S.K.: 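Sharing a structure here in structure tokens format.
Just so it is clear, the model here is predicted, and its values are computed rather than measured.
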Amino acid sequence: GNHLDILNILGKLPSAVLQRYRFMAFFSYGPENAYTREVRRRASRFPSLQLLEGFMPIEEFARCYDKAAALVIYAFRQVAMGNIYIVLKEGTKVYPPSGNVLFKWLQKEGVVLYDVAQLKSDLRGGTIRLTAGEMEPNRRAWVKLTEKFNVAAYTAKVQEACERKAQSSR
């Protein structure tokens with residue numbers, strides 16, 4: 001599972017490196033099972049890691065990213081597009097695996113992504129946060145994506161088309 005994969009990466013880092021960071025992991029998997037128990041057991045080895053269990057209102061959820069340096073999505077089929085969309089505007093560094101189904105599409109849309117395989121070296125080197133210059137391409141991509149996939153704009157276009165059709169049939 002993706003949590004265990006990330007915990008494996010963290011487990012390979014010296015405690016001196018881990019102590020420089022605060023880690024938060026969304027962990028709302030519903031009923032207790034072997035996976036959730038294993039994640040909790042292994043996560044307890046990292047004092048700087050907080051598991052965020054349970055669902056939260058969207059505003060509180062988005063605030064989790066206010067000061068986040070990075071978002072790690074260690075999944076190949078789960079895309080977490082909502083999470084990625086939120087952090088692009090904030091200038092947060094995004095680490096999916098290069099095999100993630102959205103990786104290439106997001107890159108074509110102008111999003112700068114970092115393969116999760118790079119996470120360990122970035123944590124060691126202190127390059128987990130984007131510079132102001134590195135944030136700009138993702139902010140521009142966020143604007144472009146917002147314009148391209150805006151629900152309100154789409155709804156207005158559909159309404160205009162319906163009105164034109166109604167007028168032409170009169």
S.K.: Can you measure from CG (Leu13) to OG (Ser121) and round to the nearest 0.5 angstrom?
M.R.: 9.5 Å
S.K.: Which heavy atom in Ser48 sits nearest to a heavy atom in Tyr21, and how many Å separate them?
M.R.: CB-O, 3.2 Å
S.K.: Give a yes or no on whether the backbone of Ala68 and the side-chain of Arg22 come within a donor-acceptor separation of less than 3.5 Å.
M.R.: no
S.K.: Going by side chain to side chain contact (heavy atoms under 4.5 Å, CB included), name the residues that satisfy it together with Ala141, two or more places apart in sequence or in a different chain.
M.R.: Val111
S.K.: What are the two closest non-hydrogen atoms of Leu52 and Cys64, and how far apart are they?
M.R.: CD1-SG, 4.1 Å
S.K.: Please tabulate, for side-chain N and O atoms in residues 129-138, each donor-acceptor pair with protein atoms closer than 3.5 Å (sequence neighbours left out).
M.R.:
residue: Arg129; atom: NH2; partner: Lys67; partner atom: O; Å: 3.4
residue: Thr131; atom: OG1; partner: Glu134; partner atom: N; Å: 3.1
residue: Thr131; atom: OG1; partner: Glu134; partner atom: OE1; Å: 3.3
residue: Glu134; atom: OE1; partner: Thr131; partner atom: N; Å: 2.8
residue: Asn138; atom: OD1; partner: Val112; partner atom: N; Å: 2.6
residue: Asn138; atom: ND2; partner: Val112; partner atom: O; Å: 3.2

S.K.: Looking at every non-hydrogen atom in both residues, tell me the closest pair between Asn100 and Pro96 and how far apart they are.
M.R.: CB-CB, 4.1 Å
S.K.: Apply side chain to side chain donor-acceptor pair (under 3.5 Å) to Arg139 and list each qualifying residue two or more places apart in sequence or on a separate chain.
M.R.: none
S.K.: How many angstroms lie between atom CZ of Arg42 and atom CG of Leu49, to the nearest 0.5 angstrom?
M.R.: 11.5 Å
S.K.: Kindly write out the residues that satisfy salt bridge (charged side-chain N to carboxylate O under 4.0 Å, His left out) with Arg41, not counting sequence neighbours, or none if the list is empty.
M.R.: Glu38
S.K.: Output every pair passing salt bridge (Lys or Arg N to Asp or Glu O under 4.0 Å) with a member in residues 87-108, not counting sequence neighbours, ordered by first then second residue.
M.R.: Lys93-Asp122
S.K.: Once the angle between the rings of Tyr35 and Phe27 is folded into 0 to 90°, is it parallel (under 30°), tilted (30 to 60°) or perpendicular (over 60°)?
M.R.: tilted
S.K.: Which residues pass the salt bridge (charged side-chain N to carboxylate O under 4.0 Å, His left out) test with Asp115, sequence neighbours left out?
M.R.: none
S.K.: Nearest 0.5 Å please: distance from the CG atom of Leu102 over to the CD1 atom of Ile73.
M.R.: 10.5 Å
S.K.: At their closest point, which heavy atom of Phe55 faces which heavy atom of Ser28, and how far apart are they?
M.R.: CE2-OG, 3.6 Å
S.K.: In Å and rounded to the nearest 0.5 Å, what is the OG to CG distance from Ser44 to Leu51?
M.R.: 9.0 Å
S.K.: Kindly give the heavy-atom pair with the smallest separation between Tyr95 and Thr127, and that separation in Å.
M.R.: OH-O, 4.1 Å
S.K.: Can you list everything that forms a salt bridge (charged side-chain N to carboxylate O under 4.0 Å, His left out) with Lys12? Sequence neighbours excluded, please.
M.R.: none
S.K.: How long is the straight-line distance from CG of Leu123 back to CZ of Phe23, given to the nearest 0.5 Å?
M.R.: 5.0 Å
S.K.: Sub-3.5 Å donor-acceptor pair from the side chain of His3 to the main-chain atoms of Tyr74, do we have one?
M.R.: no
S.K.: With Tyr65, which residues qualify under side chain to side chain donor-acceptor pair (under 3.5 Å), at least two apart?
M.R.: Asn83
S.K.: Could I get the full list of salt bridge (charged side-chain N to carboxylate O under 4.0 Å, His left out) partners for Lys144, not counting sequence neighbours?
M.R.: Glu109
S.K.: Mind jotting down which residue pairs meet the salt bridge (Lys or Arg N to Asp or Glu O under 4.0 Å) criterion with at least one end in residues 47-65? Sequence neighbours excluded, please.
M.R.: Arg40-Glu53
S.K.: I would like to know whether Ile9 and Val72 meet side chain to side chain contact (heavy atoms under 4.5 Å, CB included); could you show each step before the answer?
M.R.: CA-CA 11 Å; Ile9 292 170; Val72 180; over 6 Å; no
S.K.: Measure the CG-CG distance between Asn2 and Leu7 for me, rounded to the nearest 0.5 Å.
M.R.: 10.0 Å
S.K.: Show me the pairs that pass ring pair (Phe, Tyr, Trp, His ring centres under 6.0 Å) and involve residues 120-142, at least two apart or across chains.
M.R.: Tyr85-Trp142
